[in-house]
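The first residue in the sequence is number 1, and the count goes up from there. Computed over heavy atoms, backbone and side chain alike; hydrogens, waters and symmetry mates excluded. What you see is a predicted model, and the numbers here were worked out from it, not measured in a lab.
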Amino acid sequence: MSNETKSLIKQISLPLSIFLALFIIFFLFVYFGFFKPNFTRSAGYSEKTELEHFLTKENMDKNRADTEWFYSQNYEEISVESFDGLKLVAYNLPAQKAKGTWLLIHGHQSSPLREFAGLAKFFHELGYNVVLPYQRAHGKSEGKYITFGVKERYDVRDWLLKVNEIYGNEKPVYLEGISMGSSTVLMSLSFDLPSNLKAVVADSGFTSPYEIIWKVARKDKHIPLVRLAIGFGNFMAKNFADFEFDEYDTFKGLRYNKRPVLFIHGTADDFVPIEMTISNFQYCTSEKYMFLVENCPHAIAYFIDEEGYHKNLVDFCNLK
């Protein structure tokens, strides 16, 4: 090998080595700083029942009391097997002479009682059974990866079938989700769901995994080279969790939906922009209503305006 060739190799190899090193560092940064914290099970969140963000001490105390009330009731744990072989677990609280059932779907890295303890008590005291699943990769349910509604929508379908297996299909069923749970619920509407599903409540949901991931990466996390980072993240999602960021969205769920949908959002939500609920509302062609709570941050409309929240649920869903 000539000296000229050796010199050329050195000239090429040094920049190439630097490029590969930077590529690997950035790839690891995306995995540990973006993908792993947001797309994998986090015991620190999924087992908690406290809902401390943005809440006053009074609201926190009420949520704690409602949680204790639930644990004092005669509830049971039930389970379904997901389409991809996971054991999913839910709390089931039957009501005497029940008028129907509410299925409540919690949000990202949260838990059912952390977000729905108060509503569970409200619905139960109105005479409804309440079923509160742990979403896949959360709490008592199996699974490693969170897919932002893409796979979770199948789980909602299976929980609705489980509700009818337990209680029969003669009584009405109502479906509510909050934050990621809201989007999951809307995505599930593309399925041929049981005919006794009478109404849907979508609280603080996003439009698609891609849109909320882009927003969080760019505006909240300030991730550098955001397009490249999201590309890497999507590669990881596809190869580790078997889904893609733009694989599904709420519009696909709403496209053929005929069931009434109550949309809820806080006007001061800087995590999931209110414009996403407005987009979902505008795309929805079935009976619909939008309840906006002024000066309310993300996903705590129930605590900010409990009376208004109850009234809209009762009126829109025609609860008796």
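Note on ring orientation: taking the six-membered ring where Trp is involved, the planes of Y145 and F35 are tilted (angle from 30° to 60°). Between F243 and F39, the angle of the ring planes lies from 30° to 60°, which puts this pair in the tilted group. Taking the six-membered ring for Trp and thresholds of 30 and 60 degrees, F206 and F148 have ring planes inclined between 30 and 60 degrees apart.
Cluster annotation: W102 and Y167 are assigned to distinct hydrophobic clusters (Ile/Leu/Val/Met/Phe/Trp/Tyr, side-chain heavy-atom contacts under 4.5 Å, transitive). Linking Ile, Leu, Val, Met, Phe, Trp and Tyr residues whenever their side-chain heavy atoms come within less than 4.5 Å places F271 and V226 in a single cluster. Clustering ILVMFWY residues whenever any of their side-chain heavy atoms sit less than 4.5 angstrom apart, transitively, puts L126 in a cluster other than the one holding V163. If you chain together hydrophobic residues whose side chains sit under 4.5 Å apart, V261 and L160 fall into the same group.
In summary, D61 and K57 engage in a salt bridge, as defined by a charged side-chain N under 4.0 Å from a carboxylate O. Of the charged side-chain nitrogens involved, none lies within less than 4.0 Å of a carboxylate oxygen, so that K162 and D158 do not count as a salt-bridged pair.
Enclosure of atom CZ in F235 is not indicated, since only 12 or fewer non-hydrogen atoms of other residues, nucleotides or ligands lie within 6.0 angstrom. Surrounding NZ of K99 are more than 12 heavy atoms belonging to other residues, nucleotides or ligands, all under 6.0 Å away. The 12-atom threshold is not exceeded at CG of D242, counting heavy atoms of other residues, nucleotides or ligands nearer than 6.0 Å.
In this view, R157 satisfies the side chain to side chain donor-acceptor pair (under 3.5 Å) rule with no residue, not counting sequence neighbours. Every residue meeting the ring pair (Phe, Tyr, Trp, His ring centres under 6.0 Å) condition with F251, not counting sequence neighbours, appears here in chain and number order: Y283. Take W214 and apply the ring pair (Phe, Tyr, Trp, His ring centres under 6.0 Å) test, not counting sequence neighbours, and it matches no residue.
There is a side-chain donor-acceptor pair under 3.5 Å between E152 and T147.
H265 places a side-chain heavy atom less than 4.5 Å from the side chain of V272. At least one side-chain heavy atom of I230 sits less than 4.5 Å from a side-chain heavy atom of Y210. Put simply, the side chain of R259 reaches to within 4.5 Å of the side chain of L193, judged on heavy atoms.
For K288 and F281, the positive end sits near the middle of the six-membered ring, less than 6.0 Å away and at most 45° from its axis.
A ring-centre distance under 6.0 Å is found for Y91 and Y134.
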